Each structure stands twice: as C-alpha cells, then as structure tokens.
Amino acid sequence: MRIVELSRETKQSILNDLLKRSPNHYSQYEATVNEIIAKVKSEGDTALFEYTLKFDKFVLNTENIRVTREEIEEAYGKLDSALVEVIRKSAENIRSFHMKQLRNSWFDAKEDGTILGMKITPIAKAGVYVPGGKAAYPSSVLMNVIPAKVAGVSEIIMTTPPGADGKINPGTLVAADIAGVDTIYKVGGAQAVAAMAFGTESVPKVDKITGPGNIFVALAKKAVYGYVSIDSIAGPSEILVLADDTANPRYVAADLLSQAEHDELASAILITTSKDLAQKVSEQVDLFVKQLSRSEIMQKSLDNYGYILLAENMTDAIDAVNEIASEHLEILTANPFEVMTKVKNAGAIFMGEYASEPLGDYFAGPNHILPTNGTAKFFSPVNVDDFIKKTSIISYSREALEKVHKDIEKFAESEGLTAHANSIKVRFE
C-alpha cells in the first residue's frame, strides 16, 4: 500500500478521490433508469416481466413471481444446518440491539389545559431490495428487515432478482424467513425499485424502500424518493483504521482487506502516527493479498482508493478521520475509548483489537447498513426510527389559548396572514 504524509493537500486530494465513487457521479445511467421507472409505472407487471427476461433471462409471470413456501423449505435443505443456526443467533443479536431503540408516544399535560405530545406510529408497508448473484448477502437481509419488524411494520415485502432458472439464493431465502419477511418477489434491478415505489398488479406499493444494490438500483432509489421514503443512496464500502504504535500490524492489514475485497471501488485507509506501523502494515497487506481469494479485486481497490496516511500527531489524525467521515471506523490505539469521544463523524465505530469490522457486519447486533461517501456527517445507520412516523399532538383549553391569543394574532398579522389571525380571534369575540 502507498504511504503518504498527511497534510491539508493530501487530505483534500483523497477526499476528492473518494467522492468520485458516489452514485451522484454516475449521471450517464440516469436516462436508462428513468426510462425503466416510467415504463414500470405505466405498464406495471408487463414491464416487470419484460425487464426480467431481458436482464435476468427468466420468464417471469403472475404465477411464479412470488416465492412459495415450498421454495423456502427447499432453501433450508440446501444450507448447512450449522449455518442456519448462526443466522438465527445473528438475527437474535440484531433484534435485541434494535429493541433498545424503540420509542413510545408521549404526552405532556399542564394544569391550564395544555396538552402537547408526540404519537409514534410504524409505517404500514416496507420494501426491502436484496441483490442477487455474487452480491447476495443474507446478513443484509437481517439488517434491513429486523428493524422494521421491531418498529411494528405490519407488512414487509422483499424483491430480489432470480437466476436464469428462476431460483433465489438459498441463504437469502432462509435469512428472509428467519427475519420475518411476509412476501418475496422474484424481481430485481431498477424495475423492482419502481414496482415497490408505484405498485403493479403483483407487487404492492410500499411506504419505504431500503437495501443495497448496484448503480442502477441506487439511482432508481434516488429517482423515486419523494413518492416513497428510502434509507440512503449507498456508495461503495469503506473502512478507515486509526492506529498508533500499540496496534498489531497483522490485525490492521487484515481489517483493511476485509472491505477492499467487496468492490474495486471500495476504500481502505489507515491513518497512523507511527512510521514503523505504516511500513509493517503495508508489508502485511502485500502478503495477505497473495493468499486470499479475491486478490484481483483487493489489489485494484488498494491501487485506486487504498492509503496509509502518516500523521504528525493524534490531533491531526482525528481531524482527518472527521473530514473523511468513513462508513466503518476502527480505533486501534492505547486508549480507544478516549479517542472515540473526539470522533464526530463515522457510520460505525469499532474499538479495540478484538472488535474488527466483520463483527459488525455479521453478528454483534448494531446495523451494518451505514452512511458512505462522507454522508456520516449527516446520516445515521439504518435503525428503528427509519420505520416509524412521528405525529405532533396539540390540545389547548380555552383558558390556555386566552392567555396567548393576542400573541398568535400579532405573529400571523406580521406575516400578512389575516385568516390565520382571524381563526384565533373569532374564539374570543
């Protein structure tokens, strides 16, 4: 891996490089995506079936678009029983963590008859998009579905592209069943997003769409936002490791590659105050790349978006961490909890040498659907709040309103809204 001195210039150059990976920079595909969305919106199932044949080489129809209970049972038979048990354990950890995020409606009543409050209501229907083929990740199924179940969403549907034989990845089906998906549809791509956003004869319209996908899925989610809610426009995966001379270089190298193997656009960055650690990590990375299976992808990721940044001190290092605002941040320092208090921007923070990033991906419980491309500065991981609505509650007695009615009338009149003022005034004629 390349080792670079951390400076204002190098930091800005890296930020510019990383931002180029955002789906917002792939406008050349927008016309294609918009055409697919428009056709599904106007033609419904007919368009879905045509696009599935074109892109997935499967003859889809009203009879086979839904995954059957028999197909789900068949999927269980194809998976190792030990893996099924691991998925169950992971699901329970995720459920337990997200249960702590639940909110209750609240009301604040005063003696003068004022009642203010917030009513919490789950959304009615949630749609989850799950990639197919080599990008099928059962862990992401759990991370999308379980927060919605905990929130109390009454109907959860899932769309995922079929193979040419009409089959769905068995791990995806088992994870969906364990998580509690109500109906699974064999449709993928931008057409699946459009179907969930507008509804077709077979696929119901939902209130929110979550889940990762390729650039066409990401742009489709962006295009339908406003007709439905979405989780985020996800970019390629990222890891940033912040380490000092106490870190184990072999652990650091292994953790950097855990994200580099995702995608040629994935980013893996080490920021350290130790020149010795930087050199040893670089050497360990080279060794691992030769040993691990996805070496070509990892090498391209490192060549394009892999950096080891040498900082003069920990203050400069933390400033860079907050500017980059990485999806995953590992803190491998002598006192990671102290450093964590100074970090403002990160999707998820992993502290200490035994909290490596895959722990969060698969098992710990916190959600692994995280903000990317610097959006951790203003976005959060997927959580229970993503699947609820908050409604304000207001009630005043005559006594309470009488005390403030002239103030309200004055405010309304200052904005030229005399009907607003009159709505209050008539109550005290």
Side-chain angles (χ1 to χ4, degrees), residues 65-69 72 87-88 90-106 117-131 137-160 168 172-188 192-200 202-213 217 220-222 224-234 365-371 379-393:
I65 190 171
R66 294 176 190 80
V67 171
T68 64
R69 188 67 220 174
I72 294 171
I87 293 174
R88 291 190 195 280
S90 175
E92 187 50 44
N93 290 343
I94 296 164
R95 187 173 292 107
S96 177
F97 178 84
H98 287 82
M99 285 292 292
K100 294 177 173 64
Q101 298 174 347
L102 272 173
R103 299 189 186 203
N104 295 316
S105 300
W106 59 268
M118 186 74 71
K119 185 172 182 284
I120 306 294
T121 311
I123 63 174
K125 290 182 182 178
V128 177
Y129 184 87
V130 177
Y137 299 123
S139 58
S140 287
V141 176
L142 302 180
M143 296 290 182
N144 277 281
V145 176
I146 291 174
K149 292 294 287 187
V150 169
V153 176
S154 55
E155 184 178 356
I156 301 172
I157 72 164
M158 188 176 95
T159 61
T160 188
I168 304 296
T172 297
L173 291 183
V174 168
D177 188 56
I178 289 172
V181 173
D182 293 294
T183 314
I184 304 167
Y185 295 92
K186 298 178 181 180
V187 59
V193 174
M196 289 189 284
F198 300 107
T200 72
S202 296
V203 181
K205 172 178 166 48
V206 301
D207 301 308
K208 182 158 193 166
I209 300 172
T210 66
V217 171
K221 286 169 68 178
K222 180 181 177 183
V224 301
Y225 177 64
Y227 296 99
V228 292
S229 178
I230 63 171
D231 49 353
S232 64
I233 310 294
N367 211 290
H368 79 200
I369 303 167
L370 305 166
F379 280 146
S380 304
V382 165
N383 61 87
V384 170
D385 278 2
D386 285 307
F387 300 97
I388 63 171
K389 302 178 287 104
K390 306 178 186 78
T391 305
S392 300
I393 303 296

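These numbers were taken from a predicted model, which means no experiment stands behind them.
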Closest non-hydrogen contact found for His98 with Val382 is NE2-O, 4.0 Å
For residues Phe387 and Ser229, determine if any side-chain heavy atom of one lies less than 4.5 Å from a side-chain heavy atom of the other.
no
Would you give the length of the straight line joining atom NZ of Lys149 to atom OG of Ser154, rounded to the nearest 0.5 angstrom?
9.0 Å
Is there a side-chain contact between Ile184 and Ile168 (heavy atoms, below 4.5 Å)?
no
OG1/Thr200 to NZ/Lys205 distance, rounded to the nearest 0.5 angstrom?
12.5 Å
Is there a donor-acceptor contact under 3.5 Å from the side chain of Ser105 to the main chain of Ile120?
yes
For the atom pair CD1 (Ile72) and CG (Asp177), what is the distance rounded to the nearest 0.5 Å?
5.0 Å
Could you grab the distance from atom OG of Ser380 to atom CG of Asn367, nearest 0.5 Å is fine?
11.0 Å
Heavy-atom pair with the smallest gap, counting every atom of Ala148 and Ile156:
CB-CD1, 3.7 Å
Would a distance-only check, ignoring hydrogens and angles, find a side-chain to backbone donor-acceptor pair under 3.5 Å from Lys221 to Gly211?
yes
Flag, side chain of Asp182 to backbone of Ile157, donor-acceptor distance under 3.5 Å:
no
Can you name the closest pair of heavy atoms from Ala175 and Pro138 and give their distance?
CB-O, 3.6 Å
Side chain to side chain, Val193 and Ile209, heavy atoms closer than 4.5 Å:
yes
Side-chain contact, heavy-atom cut-off 4.5 Å: Phe97 with Pro366?
yes
On a heavy-atom basis, which atom in Gln101 and which in Val384 lie closest, and how many Å separate them?
OE1-N, 3.0 Å
Spell out, as yes or no, whether a donor-acceptor pair under 3.5 Å connects the side chain of Asp385 to the backbone of Asn383.
no
Within this structure, what is the OH-OG1 distance for the pair Tyr129 and Thr210, rounded to the nearest 0.5 Å?
12.5 Å
How long is the span from the CD1 atom in Ile146 to the CD atom in Glu92, to the nearest 0.5 Å?
8.5 Å
So which atom in Val150 and which in Met99 form the shortest heavy-atom distance, rounded to 0.1 Å?
CG1-SD, 3.7 Å
Show the nearest heavy-atom pair for residues Ala179 and Leu142, with the distance to one decimal.
CB-CD2, 4.1 Å
Above 12 or not: heavy atoms from other molecules or residues under 6.0 Å from CE of Met118?
yes
Backbone N or O of Ile65 within a donor-acceptor pair of the Lys186 side chain at under 3.5 Å?
no
Does the side chain of Val141 come within less than 4.5 Å of Met158's, by heavy atoms?
yes
